[in-house]
Colleague: 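Handing you this structure, nothing more for now.
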Amino acid sequence: MVRVKVWLEENLKGDPIIWAIVLLLSLISVLAVYSATGSLAYRKMGGNTEIYLFKHSALIISSLVVMWAVHNIPYKYFSKLSLFALWVSVPLLLFTYLFGSKINEASRWITIPIIDQAFQPSDLAKLALIAAVAGMLAKRQRQITDIRITFIPLLIWIGTICLLIAIANMSTAVMLLSTCLLLMFIGRVPVKYLMVVCMVGAIVLSTAIFMGQRGGVFFSRIEKFIDEDPNEIPFQAKHSYIAIATGGITGKGPGKSEQRNILPHPYSDFIYAIIIEEYGMVGGGVVLFLYLALLYRGMRVVAISTRPFGGLLSAGLSFSLVIQAMINMGVAVGLVPITGLPLPMVSMGGTSLIFTGISLGIILSISRGDHEDAFLSEEKAMGNMVKKVA
Amino acid sequence: MLRVRLSFLVVSLIAVAIFYRIGTIQLVEGEKWRQMSEDINLQYRPVKATRGNIYSANGSLLATSLPFYRVAMDPSVGKASVLKSGVDSLATRLAGFYRDRSAAAYKRMIMDARNQGKKYLILNRKQIGYQEKLEMMTWPVFREGRMGGGVIFEKIDKRYRPFKNLAGRTVGFLNEDQYGVGLEYSFNEYLEGRNGEALFQKIAGGSWKPLHDAEDIKPTDGYDIVTTLDVNIQDVAESALLRQLMNKDAAYGSVIVMEVSTGHIKAIANLQKNKNGYGYGEYYNYAVGEQGLTEPGSTFKLLSMLALLEEGKINLRDSIDTGNGSYKFYDRFMRDAKNGGYGKISVREVFEKSSNVGVSKMVHEHFGHQPHRFIEYISQVKLDQPLGFQLQGEGMPYFKDPKNKDWYGTTLPWMSIGYELKVTPLQTLAFYNAIANDGKMVKPLIVREISRGNSVEKKYQTETISKRIASEKTVKQLQSLLKGVVESGTARNIKNETYSIAGKTGTAQKLENGRYTQKYFTSFAGYFPADRPKYSAIIVIDSPKGFNAYGGDISAPVFREIADKIYAQDMEVQDKPTLEARHPASDPEAFPYIRAGNVEELRMICNSMGISNHYTGNETWVRSTISNKAIHWVSNAVEAPTVPDVSGMTLKDAIYILENKGLRVQFSGKGRVTGQSLPKGSSYRKDQVIKLTLS
């Protein structure tokens with residue numbers, strides 16, 4: 001036991017509670033996805049349900065490995081890396097919009113050659129934008145009220161990336177915009193500027209709606225959500241409610257979901273409904289609590305971190321993950337109009353799981369604290385050089 | 001940190017709201033949703049895959065699945081504005097189309113259903129075809145589609161045989177309990193495809209409504225199978241057989257026509273007297289199946305001669321004393337057909353006159369003390385084994401074993417003339433075909449290819465069962481014997497001047513309840529032309545009535561009739577190839593104007609005129625053939641390095657093709673090309689002149 005503990009302490013650095021939460025969610029994910037793909041696997045693979053279990057478990061494990069690898073990287077590198085990634089994602093997003101494979105009439109995917117894995121460039125852009133915004137805010141903490149130096153570059157980046165994402169994937173864009181707003185709010189950008197961002201955002205997004213591929217879908221969903229006629233509840237929502245209602249307090253038990261056969265994408269968009277159906281209100285509450293706890297631990301990192309970059313990056317990434325989780329769960333219970341956002345760390349999905357792993361790895365890297373020293377040594381070296389020059 | 005805490009608080013509030021909503025859905029609205037889950041009856045149901053087609057060798061459709069549609073509607077789907085502006089015109093069209101109720105009645109039906117909140121309304125139970133469906137999709141309201149206007153086309157596939165009962169039992173069928181026969185049954189694995197699945201909702205009245213527009217799992221359509229059957233030969237075989245059966249009021253008859261070198265079955269016909277005693281129909285594949293196993297009679301003497309010749313015991317010129325036509329083996333008399341017997345005749349004459357006494361005496365003399373040797377020859381020509389034919393249910397040949405108790409002293413003599421054993425007509429034919437094919441025995445083949453669209457999934461090549469069933473010398477002798485039967489033996493009546501036939505008649509007394517009756521099983525197996533065999537065939541006719549009940553009189557004429565027609569039709573069989581330039585036959589059925597041309601143009605014309613036409617190849621230039629009132633385009637190989645066939649083309653197309661090949665065109669007349677000075681397929685020089693006649 002002792003040896004295990006020592007090994008864990010040596011290899012899994014950073015906040016142990018975050019580690020625990022991630023592992024717990026991963027476990028829930030494997031259980032829920034296995035059950036939710038039950039009918040799908042049965043139909044597509046001719047009854048071989050284990051294929052999805054193996055596939056999904058392999059992805060979860062790879063995302064954990066990625067997370068572990070990333071948490072060993074001193075987070076200061078992410079500042080520069082994020083800007084580079086931003087530049088890469090612009091052409092990638094454009095390429096995807098023009099040539100990507102269409103799933104449900106929205107081109108959000110490109111296939112990476114050689115390994116033949118579908119990849120959603122918006123995942124990369126999202127991560128890069130949050131890190132870049134955190135970086136820019138941290139660097140300009142002293143001139144935070146300066147419109148020209150601080151505000152304009154931020155606005156340009158946020159506007160560009162959100163627009164590019166919005167033309168194919170409105171919900172992700174809205175979520176990313178709100179995360180950035182929150183991040184700027186935390187980064188002490190004055191509230192009146194944020195109002196401006198809101199305005200710009202509204203304009204950008206509405207442009208995208210008219211230009212984009214899924215404008216019609218967007219409107220019809222919003223329309224349906226707003227004037228909710230009790231007889232006109234969308235099909236998915238109806239079955240999501242049925243799943244939640246029939247789940248009861250303690251649920252029907254693992255693998256006993258019935259609505260998985262009817263709900264579209266029970267393994268991703270509506271996995272929360274399936275979790276409640278199988279594990280009841282208790283299970284749903286536990287998942288909800290785990291995400292809140294994750295956010296809370298991410299916030300604690302903000303308090304610990306002596307560096308503004310670390311704090312802002314950790315806050316941005318935790319909020320991004322948790323807001324997405326809240327939106328997904330909100331869709332399942334009918335608080336939010338229907339969108340296709342997966343539940344981070346839980347839903348089945350290829351590369352988005354890996355990007356979630358990277359985000360969590362960064363948060364852990366910041367939570368370690370020892371990476372702060374990297375900044376110090378660098379500054380000392382810089383200081384020495386400055387002295388020599390002087 | 002204040003701002004951070006504030007943000008956290010907001011997210012926490014959202015979490016609380018989510019939890020609150022779970023509580024509301026479960027506890028406050030719970031009953032409603034649980035009730036709804038009882039009411040909504042959703043189910044994944046199979047979406048049928050389209051069954052593959054069965055084609056003849058030249059691409060005619062023998063069986064296909066045609067889509068029909070039942071038109072229904074979800075009246076709640078369409079927007080009020082769409083319905084308001086379109087329903088009157090839609091109702092008028094519906095009334096005009098179905099002609100069963102007035103436009104007002106259709107409008108009332110749709111609007112009432114909408115007002116009652118109905119989700120499903122069958123507009124008419126009559127099924128419509130694909131063309132009609134296409135037309136309906138342009139009607140008001142309907143043109144908005146499933147999600148916009150609420151129209152539902154429910155597809156129902158129906159199996160359709162363009163040639164009706166032609167080769168009916170061979171094409172076969174498959175019913176819903178997976179019981180079936182013929183190709184439909186034997187190749188069902190390929191034909192059926194894989195069903196898809198879609199979510200359906202049960203609606204009042206017990207029917208199921210598809211919930212989404214597309215299937216959740218797409219069905220995979222079945223493969224097409226291309227047979228070796230030739231529609232023309234099949235038609236000839238069936239009509240010739242039918243005529244003879246009716247003439248002789250026989251119980252049933254079968255015909256198989258096979259290509260000698262490849263084993264391709266060109267026709268299989270089986271006709272049996274209808275249960276009510278009038279007319280004939282296909283009810284069982286006697287040519288192949290278990291019930292087709294019979295004592296073959298004299299056609300089996302070919303095997304006896306093969307055994308005797310291979311053993312080197314006899315010479316065709318040896319003479320045999322057949323006496324007065326009766327010979328006693330142990331306690332049983334062997335009798336010849338001719339009263340008073342043939343007396344002393346040569347071995348050749350024994351076979352040509354089909355003397356039972358002669359054959360059985362020779363076999364008894366040479367194999368009587370070692371009957372297993374005779375049985376070994378049966379094995380050598382593979383007659384004791386089923387052929388492994390592609391159709392399910394092949395009959396298993398039956399032979400007695402000398403070691404068994406039921407082997408009597410009389411067994412061998414009777415076996416030598418085709419009794420006390422059972423084989424199917426197809427097995428006998430395979431043996432005769434091997435003799436025609438100079439000793440090489442090939443496996444009969446009826447399905448040549450399995451394909452989907454233009455891609456071939458599987459090809460069946462001709463399989464050789466035995467490279468050589470007997471020595472070359474024996475085979476040559478047997479060929480001359482078979483030729484002799486027609487020249488001067490029991491099948492003299494079918495001899496003709498144009499081409500020669502080789503074959504053997506057979507007449508077996510039928511065994512019923514253990515006694516031989518006065519009913520006969522007559523047959524003729526053979527091939528033609530005798531010196532360069534192209535086709536082999538067997539004709540069996542069971543229980544003909546009337547005075548002359550011999551194979552030579554009953555079955556051989558059918559063979560002759562079929563051979564005559566094939567010979568006239570099939571150029572390759574003819575000994576002297578005709579050198580005349582080919583003129584398109586003035587077939588009254590041929591499509592009058594379009595005979596050949598560019599496929600895209602022709603298809604466009606036909607489609608715009610609503611003429612059904614089919615094309616499966618990928619050549620640019622085609623010529624037309626007529627099948628089942630539709631035009632079938634066949635590729636016109638103009639790419640080959642020889643002179644192409646431009647007959648039937650317009651001058652413009654012909655010049656385009658010929659000049660592109662470097663030929664110089666001169667022409668006379670106008671209209672379409674009717675003749676060309678260089679025959680198709682011949683080689684040519686660059687800048688050579690080709691003269692076209694047009695009319």
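Every chain is numbered from 1, with letters handed out A, B, ... down the list of sequences. Any value given below was found using the heavy atoms of this structure, including those in side chains, with hydrogens, waters and symmetry copies removed.
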Colleague: Distance check, rounded to the nearest 0.5 Å: A:I242 atom CD1 versus B:Q35 atom CD?
Modeller: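 Rounded to the nearest 0.5 Å, the CD1-CD separation comes out at 10.5 Å.
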
Colleague: Using every non-hydrogen atom in the two residues, find where B:I18 and A:M326 come nearest and quote the distance to one decimal.
Modeller: CD1-O, 3.5 Å

Colleague: Might you confirm whether atom OH of A:Y296 has over 12 heavy atoms from other residues, nucleotides or ligands at distances under 6.0 Å?
Modeller: no

Colleague: How close do A:V333 and B:I25 get, heavy atom to heavy atom, and via which atoms?
Modeller: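 The pair with the smallest heavy-atom distance is O-CD1, 3.5 Å.
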
Colleague: Find out whether B:V10 and A:F319 are in side-chain contact, i.e. whether some heavy atom of one side chain is under 4.5 Å from a heavy atom of the other.
Modeller: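 Heavy-atom side-chain distance check fails, nothing below 4.5 Å.
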
Colleague: Which atom pair, heavy atoms only, marks the closest approach of B:A15 to A:L288?
Modeller: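 It is O-CD2, 3.3 Å.
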
Colleague: Is the shortest side-chain heavy-atom distance between B:F19 and A:M329 below 4.5 Å?
Modeller: no

Colleague: Does atom NZ (A:K252) have a neighbourhood of more than 12 heavy atoms from anything else shown, all under 6.0 Å?
Modeller: yes

Colleague: Might you confirm whether atom CZ of B:R452 has over 12 heavy atoms from other residues, nucleotides or ligands at distances under 6.0 Å?
Modeller: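 Enclosed: over 12 neighbouring heavy atoms sit under 6.0 Å from CZ of B:R452.
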
Colleague: Could you tell me which non-hydrogen atom of A:I186 sits nearest to which non-hydrogen atom of B:S7, and how far apart they are?
Modeller: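 Of all heavy-atom pairs spanning A:I186 and B:S7, the closest is CG1-OG, 3.7 Å.
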
Colleague: Need one label for A:L292: side chain, backbone, both or neither, based on atoms under 4.5 Å from any heavy atom in chain B.
Modeller: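 For A:L292, heavy atoms of backbone and side chain both lie under 4.5 Å from chain B.
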
Colleague: For the NZ atom on B:K118, are there more than 12 heavy atoms of other groups (residues, nucleotides or ligands in this structure) within a distance under 6.0 Å?
Modeller: no

Colleague: Could you grab the distance from atom CD1 of A:I323 to atom CD1 of B:I14, nearest 0.5 Å is fine?
Modeller: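 These two atoms lie 7.0 Å from each other.
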
Colleague: To the closest 0.5 Å, what do you measure between CZ (B:R34) and OG1 (A:T246)?
Modeller: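 The CZ atom of B:R34 sits 8.0 Å away from the OG1 atom of A:T246.
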
Colleague: Quick one: which of A:G285, A:A315, A:G248 has the most heavy-atom pairs under 4.5 Å with chain B, could you say?
Modeller: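 The answer is A:G248.
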
Colleague: Heavy-atom distance under 4.5 Å to chain B: side chain of A:F289, backbone, both or neither?
Modeller: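 Interface part for A:F289: neither.
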
Colleague: What side-chain hydrogen bond (donor to acceptor under 3.5 Å, both in side chains) pairs are there with at least one residue in residues 22-31 of chain B, not counting sequence neighbours?
Modeller: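 Qualifying pairs: B:E29-B:W33.
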
Colleague: Would one find more than 12 heavy atoms of other residues, nucleotides or ligands at under 6.0 Å from atom CZ of B:F173?
Modeller: yes

Colleague: Please name the pair of heavy atoms, one in A:F185 and one in B:R3, separated by the smallest distance, quoted to 0.1 Å.
Modeller: O-NH1, 2.5 Å

